[in-house]
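Working notes, structure below.
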Amino acid sequence: MPAPHITQSYAALPGILHAPAALLPVASAQLIIANDALAAELGIARDWLHGPEALALLSGNAAAAHGQPLAMAYAGHQFGGFNPSLGDGRAMLLGDVAAADGTRRELHLKGTGRTVFSRGADGRATLSAMLREYVVSEAMAALGVPTTRSLAVVATGEQVWRQRPEPGAVLTRVATSHVRVGTFQYLAARGDVAAVQSLMEHEIARHMPGVSGPRAFLAQVIARQARLIAQWMSFGFIHGVMNTDNMQIAGETIDYGPCAFMDGFDPQKVFSSIDDYGRYAYDKQPVVALWNLTRLAECLLPLLAEDKDAAVKIAEAKLALFMPQFEAAFERRMLAKLGIADVAQAAFITKTLQQMANARADFTRFFTALTRHVAGEGVDLAAHFTSPQALAEWQAEWESLRSANALALMRAHNPVYIARNHRVEAALRAAEDGNLLPLHQLLLAVQKPFEARAELEAFEAAPGPQEEVLQTFCGT
Ligand code: AMP
Ligand code: MG
C-alpha cells in the first residue's frame with residue numbers, strides 16, 4: 001500500500017502567496033466516505049485510502065512525508081466589495097500528485113483549523129457542509145462539467161459551533177489548481193507585478209498547453225469561464241457565491257457553498273441566504289462572470305502592454321469575446337436538450353424558457369419528459385405547460401425544428417438525476433445521525449446522471465411543497 005507521492009510545487013512561487021499551515025490534530029478521525037473512482041484516476045491505491053495512514057493525513061493530523069502544508073493567500077471581491085486579504089482561513093494545500101493521465105492535481109484539506117488568514121473564524125467545517133460539497137461536486141463531475149472533485153470526508157470527532165453545535169469534518173478537495181481570480185488580485189493590490197507574472201506562468205505551465213503570454217492567457221481564462229457558465233446554466237445550476245475568490249483560473253467549478261440545481265424554473269432564482277439583491281441569481285451568472293473576468297484583466301494590465309491605454313484596449317478586446325462565446329455555448333447546449341441541431345434556432349430557446357418560467361416547470365423534469373416523449377414513452381407533457389393550448393402551440397414549432405438524431409442529442413444532454421436540494425439535505429441529516437445509506441443511494445443516482453434506473457425512480461422527483469429547500473447557507 002504505497003502512499004501517494006506528493007510534492008509541494010506551490011512552494012516554489014513567491015513567498016507572498018503562501019504561509020505555512022500548522023497541523024492542529026483533531027480528537028478522533030473517522031473516515032466517512034472515500035471516492036475510490038477518483039483515487040484510481042489519481043493513481044492512489046484503494047487500500048491506502050481506506051487505511052490508517054490516509055486517515056492521519058486527510059484529517060490534517062499528520063503531514064505528508066514531503067513536508068510543509070501551505071495556506072494560500074488570496075484577495076477577493078465579495079458581493080462587489082473588495083477584501084484585499086482573504087486566503088485559506090480553514091484549509092491547507094497538502095501538495096500535488098501526478099494523476100494517471102499525466103496531469104497534476106492538488107490535494108487540499110478543508111476544515112483543518114485556523115491559519116494566519118482566519119481572522120475571527122474557527123477554521124473548522126461541519127460534516128454536513130463537507131458532505132454537501134462532496135455530493136454536489138461529484139454530481140457536477142458526472143454531468144461532464146469541469147469541477148473540483150472530492151476524494152474523502154473525514155469526521156473529526158469534534159463539535160463545531162454554528163447556529164447549533166454540529167459534528168466537524170475535513171474534506172479532501174482535488175483540483176487542477178486552487179489559484180483563483182482573487183489570487184491575482186492579492187498580488188495586484190500589492191503592486192507586485194513580478195509575482196503576477198510568476199503566478200500566470202505557473203498556471204499556464206500546469207494546465208494550459210499551447211498557451212503563451214498574458215494575452216493568450218487572458219483569452220484562455222475567458223473562454224473556459226464562458227463554457228463553464230453555459231454548462232452550469234444548461235443544467236439549471238446556480239453557484240450562489242460568484243465572488244472573485246470563488247472563480248478558479250483553470251475553469252473548474254469551485255467552492256460549493258450556497259449553490260443548487262434549481263427545481264421549478266425561475267430565471268431570477270437566488271439560493272444564498274445573504275444574497276439580498278440577487279447579485280448571483282441564475283440569469284445574472286454570465287454578467288457576473290464577465291465582471292469577475294474584468295477584475296482579472298485589470299490585474300494583468302501591466303503585462304498586456306507597456307502603454308496603459310494600449311493595455312486597456314487589449315483587455316477590452318479579449319473581454320468582448322466572453323458574451324458571444326457564452327451565448328454560442330449556451331445556445332448549442334440548450335438546443336441539444338431540445339433535440340435541435342440547427343444552431344440558428346436560438347429564438348426557440350427564449351420562447352421555451354419563457355414558457356417554462358410561466359409554468360414554473362421543473363428544470364430537469366421538463367427536459368427528461370421531452371426526451372421520453374421523443375423515445376415514444378407515454379408522458380404527460382401538459383403537466384409542464386400553463387395550458388393545453390400553450391403546449392399545442394409550442395409543440396408544433398418544436399416538432400418542426402427537431403433533428404433526425406434528436407433522441408441521441410437529448411439523451412446526452414438531459415440528465416435524469418441531479419443533486420436535488422431536498423434529497424441532499426435529507427441525506428445530510430441522516431448522515432449526521434450516523435446513517436450513510438441515503439447519501440450512498442443519492443450518489444448512485446447522480447454519479448450516472450443520464451442513466452435512468454427503475455430502482456432509483458424516487459430520485460427523479462421534484463420536491464413536494466413541504467420539501468422544497470428555499471435557501472442554502474455559506475461559510476459553514
Ligand atoms: P467562502 O465563503 O467559503 O468562499 O470563504 C470566504 C473566506 O472566508 C475564505 O477566505 C475562507 O477561508 C474564509 N472562511 C470561511 N469559513 C471559515 C471558517 N470557519 N474559519 C476560517 N475562515 C473561514
Ligand atoms: Mg471561497
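Numbering of ligands and ligand atoms starts at 1, following listing order. All values reported here derive from a predicted model rather than from experimental measurement.
Residue Asp122 has at least one heavy-atom neighbour below 4.0 Å for each of these atoms of ligand 1: 18 (C), 19 (N), 20 (N). Every atom of ligand 1 is numbered from 1 in the order shown, and the set under 4.0 Å from a heavy atom of Arg162 is 19 (N). The Ala121 neighbourhood of ligand 1 comprises atoms 18 (C), 20 (N), 21 (C), 22 (N), with distances under 4.0 Å to a heavy atom of that residue. Shown in contact with Asn246 at under 4.0 Å from a heavy atom are these atoms of ligand 1, numbered in order with element: 4 (O). Set against the non-hydrogen atoms of Gly123, the atoms of ligand 1 under 4.0 Å away are 18 (C), 19 (N), 20 (N), 21 (C).
Using a 4.0 Å cut-off between charged nitrogen and carboxylate oxygen, Asp362 and Arg420 count as a salt-bridge pair. Ion pair Asp88/Arg114 not flagged as a salt bridge, since none of the NZ, NE, NH1 or NH2 atoms sits closer than 4.0 Å to an Asp/Glu carboxylate oxygen. Ion pair Arg149/Glu41 flagged as a salt bridge, since at least one NZ, NE, NH1 or NH2 atom sits closer than 4.0 Å to an Asp/Glu carboxylate oxygen. With respect to the salt-bridge test (charged N to carboxylate O, under 4.0 angstrom), the residues Arg206 and Asp96 qualify. Between Arg162 and Asp122 a salt bridge is recorded (basic side-chain N to carboxylate O distance below 4.0 Å). Ion pairing between a basic and an acidic side chain is recognised when a charged N comes within 4.0 Å of a carboxylate O; Arg180 and Asp245 show no such pairing. Of the charged side-chain nitrogens involved, none lies within less than 4.0 Å of a carboxylate oxygen, so that Arg132 and Glu138 do not count as a salt-bridged pair.
Closest heavy-atom approach to atom 11 (C) of ligand 1 within the set Gly87, Gly111, Ala91: this belongs to Gly87. The nearest non-hydrogen atom to atom 23 (C) of ligand 1, considering only Lys110, Arg90, Glu133, comes from Arg90.
Contact analysis leaves Val241 out of contact with ligand 1, as no non-hydrogen atom separation drops below 4.0 angstrom. Ligand 1 lies nowhere less than 4.0 angstrom from a heavy atom belonging to Gly257.
Considering just the N/O/S atoms of Asp255, the one nearest the Mg ion (ligand 2) carries the name OD2.
With a 4.0 Å cut-off on non-hydrogen atoms, Arg114 does not touch ligand 1 at all. When non-hydrogen atoms are compared, ligand 1 lies under 4.0 Å from neither the backbone nor the side chain of Phe117.
Inclusion of Gln78 in the set of residues having an N or O under 3.5 Å from an N or O of ligand 1 is not warranted. For a threshold of 3.5 Å applied to N or O pairs, the pair formed by Leu86 and ligand 1 contains no separation below that value.
Atom CZ of Arg295 is surrounded by more than 12 heavy atoms from other residues, nucleotides or ligands within 6.0 Å.
Asp263 places no side-chain N or O within 3.5 Å of a backbone atom of Ala462 that could act as its donor or acceptor partner.
No hydrogens or angles considered: a donor-acceptor pair under 3.5 Å links the side chains of Arg105 and Thr103.
Not one N, O or S atom of Asn243 sits under 2.8 Å from the Mg ion (ligand 2).
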